[in-house]
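Within every chain, numbering begins at 1; the chains are lettered A, B, ... in the order of the sequence lines, protein sequences first and strands thereafter.
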Amino acid sequence: MPYIEVIDVCKQYSGHTAVDHVSMSVPEGSIYGLLGPNGAGKTSLIRIINRITHADSGEVLMLGRPMTDADVRHIGYMPEERGLYKKMKVVDQVLYLAQLHGMAKADARKALDEWLQRFDLTPWADKKLEQLSKGMAQKVQFISTVIHRPPLLIFDEPFSGFDPLNADILKREILRLRDEGAAILFSTHNMSSVEEICQEITLVNHAKVVLQGKVMDIRQQYKKNIFEVTTVGGETFHYSLKEGESAHDAIAHLNEEYELAGFKEVLPSMHDVFVEAVK
Amino acid sequence: MNRTFLIIKREYVQAVCKKSFIITTILVPILSIALCGLLPHFLSQAKSDEQKVVAVIDQTPGSPYAAQIQDSQEYRYNVIAGGVDDGQCDYHAIYRGSEQSLYALVVIPSDFDKNTQVHIYSEKSVNGGLEREITHSLRKAVRQQRIQTSGIDSLEQVIKYCTPEITTANIKWSKEGEETVSSAEISMFIGLGLAGLTYMFVIIYGAMIMNNVVEEKTNRIVEVIVSTCKPFELMLGKIVGVALVGLTQIALWAVILSVVGAVFGITSMAASMGEMSGVADAMAVSSLPQDSSLYHIVEILLGIDYAQILICFILYFIGGYLLYASLFAAFGSAVDQASDASQFTGPIVMVMVFALYAGMFCMENPDAPLAFWCSMIPFTSPVVMMIRLPYDLPWYELAGSLVLLYATAIGLLFLSARIYRTGILMYGRKFTFREILGWIR
């Protein structure tokens with residue numbers, strides 16, 4: 001059963017349509033990509049899911065029943081524009097947000113200590129946020145998003161601002177949360193990370209869904225019958241199938257000219273799919 | 001409710017632990033003590049250290065006047081002997097030629113008896129204090145001289161008898177005709193003071209609410225917070241939290257002031273007691289029947305209905321604060337930086353200033369239509385009603401004013417919450433008043 005289902009949701013802001021009949025469902029234990037160019041309506045949709053704003057029509061179901069205000073405590077949300085209280089200590093800040101999410105203070109304190117240790121932030125626990133480096137502050141933001149162990153996590157551009165080393169640490173943690181069963185909605189422009197960690201995606205453009213499905217299926221759907229050919233001599237080149245030509249025919253044909261060492265289908269990258277779909 | 005409590009707690013703890021809070025809490029009483037108590041003391045010290053030298057030339061026959069001008073703390077008068085010809089004398093040369101550097105040169109002309117005009121020469125701009133000292137001394141001298149030359153016996157007593165000082169005694173009747181000394185004016189001043197306190201509180205802590213709202217918005221943390229609670233809870237938490245901060249600060253000021261007052265009071269008890277009794281005498285003379293004394297002042301102070309004033313103050317204080325605080329929160333949510341908020345706060349402050357002026361007008365005309373309407377309109381009633389309070393208003397006027405105030409405050413709280421809900425998510429440009437009102441829908 002999908003953890004969260006968005007059904008035919010519409011939202012307008014003063015005459016401008018931000019979300020136009022969007023439907024999607026995010027299963028438990030998977031990472032679901034929400035893609036689209038800037039201004040496509042991703043943030044509006046996310047705000048509807050975590051009930052910051054309300055849809056004009058359509059509904060959002062959580063485990064098959066309509067979501068209520070009380071359900072927001074089952075969501076962890078990390079917005080793209082990160083922000084925490086600069087003058088507040090790391091500990092106070094995370095505990096405050098955890099308690100707002102309905103966690104008991106003692107439980108939150110215990111969980112926080114574990115997370116701080118995991119991210120090597122223990123010595124910084126009593127420092128004010130403004131004393132931390134940007135990377136460390138981002139980690140604190142991540143901790144405050146996941147500390148209450150929400151079954152649904154929404155990350156808006158989680159890797160932006162992270163150096164490659166810390167981005168890897170973060171990716172590892174996101175995958176671990178997925179393996180523990182969380183449903184993760186992942187909004188990003190970074191297409192290589194989509195290929196790497198998303199099982200399914202929805203691509204929105206101009207408020208509408210333009211592409212939806214499993215990452216592999218979509219790449220298959222957008223494939224152009226291009227193959228990477230490697231010869232025994234080490235030469236590599238791309239070969240496009242001619243009309244009516246099968247891969248089998250191509251191999252036979254190429255075998256006449258070259259001594260083949262490899263023949264592999266090239267699937268379009270999500271980057272190419274994205275560009276083509278929103279063109 | 002639990003979340004609102006968490007938000008109140010955070011607002012309170014964060015604000016109270018801030019360095020700026022601790023500094024202002026300590027500095028304000030110190031500064032006010034310095035300004036009210038020590039500064040005049042230092043100023044008077046500074047004055048007496050530099051006694052200015054003023055030369056006096058008396059051209060009248062016999063030079064009787066110069067000697068009448070007495071040295072004071074500020075000025076020393078050197079009488080320069082006569083022998084200088086009237087009209088042809090180079091006073092500037094005398095001024096310049098003096099051994100001591102002169103502050104001014106006072107010339108009493110030979111026709112002073114008739115014209116009663118003196119000339120004060122100086123290269124500096126002469127201050128009013130010197131003028132007052134000289135005219136005061138000379139007026140006395142001329143008066144004395146004229147009474148003597150009139151030849152009428154006991155003229156001095158006659159003049160004194162003919163210029164009486166009139167005093168009034170205000171006696172207020174109770175319904176049964178019992179006499180009590182009127183306390184309306186003192187009550188009104190207490191009312192104005194308390195209303196001023198309300199408005200000061202609203203402006204200082206309203207601005208704090210606005211800054212906190214803008215800070216959360218620019219930090220972008222507001223988006224995380226409103227994904228855990230309703231924007232209304234966040235706004236209400238802020239308004240209540242900041243109010244508690246303000247009340248704490250005022251309470252601390254009161255404690256510091258009374259502790260400092262007690263410490264200073266012991267050392268200068270004798271002096272202040274003397275002053276106090278002086279004040280009491282003055283009041284007794286100016287506003288009470290001749291036979292009254294300190295007892296009557298105590299009677300006036302006891303005659304004030306403190307319970308009524310206090311209850312009304314608390315009610316109007318809370319109502320007025322809620323009314324304005326929610327406006328500050330709403331407008332704070334509509335801007336990206338605190339400096340942009342002035343276009344919205346300007347009108348709020350103008351209304352408040354108008355309310356204070358209306359309040360002062362009402363002290364003179366407590367029954368005027370303006371006074372009535374301003375004590376009904378919720379934006380001005382917290383000030384104006386506090387001032388009209390001593391005038392035995394019908395209970396339904398008071399109740400009507402309070403109902404209007406609270407209805408408006410609660411209504412505005414909900415309207416502001418709607419603006420706030422949208423405003424905190426709007427970034428990137430300045431919004432017009434009309435657009436902001438559109439968010440209510």
*Write out, in numerical order, the residues from residues 94-104 of chain A with a heavy atom short of 4.5 Å from a heavy atom in chain B.*
A:Tyr96, A:Leu97, A:Gln99, A:Leu100, A:His101

*Hey, is the main chain of B:Lys230 close enough, under 3.5 Å, to the side chain of B:Glu233 for a donor-acceptor pair?*
yes

*Which heavy atom of B:Tyr406 sits nearest a heavy atom of B:Gly319, and at what distance?*
OH-N, 3.3 Å

*Taking A:Lys42 for its side chain and A:Val204 for its backbone only, find out whether a donor-acceptor pair lies under 3.5 Å.*
no

*So what's closer than 4.5 Å to chain B heavy atoms on A:Glu80: side chain, backbone, both or neither?*
neither

*Evaluate whether atom CZ of A:Arg65 has more than 12 neighbouring non-hydrogen atoms of other residues, nucleotides or ligands under 6.0 angstrom away.*
yes

*asked:* Using a 4.5 angstrom heavy-atom cutoff, name the option from A:Arg51, A:Arg47, A:Lys86 with the most pairs to chain B.
replied: A:Arg47

*Donor + acceptor pair across side chains of A:His206, A:Asp20 (<3.5 Å)*: no

*asked:* Could you tell me if B:Gln249 and B:Thr24 have a donor-acceptor pair between their side chains, going purely by distance under 3.5 Å?
replied: yes

*asked:* With a 4.5 angstrom heavy-atom cut-off, is it the side chain or the backbone of B:Ile424 that approaches chain A, or both, or neither?
replied: neither

_Heavy atoms of other groups near B:Arg220 CZ, more than 12 under 6.0 Å_ = yes

*Determine the interplanar angle of the A:Trp115 and A:Phe142 rings, folded into 0 to 90°, and report it as parallel if under 30°, tilted if 30 to 60°, perpendicular if over 60°.*
perpendicular

*Heavy-atom pairs under 4.5 Å with chain A are the metric here; pick the option from B:Val226, B:Ile225, B:Val224, B:Leu425 that has the most.*
B:Leu425

*Contacting region of A:Thr53 [heavy-atom separation from chain B under 4.5 Å]*: side chain

*Residue B:Glu223 versus chain A: region with a heavy atom under 4.5 Å*: both

*Examine the side chains of A:Asn166 and A:Gln138 and answer whether a donor and an acceptor come within less than 3.5 Å of each other.*
no

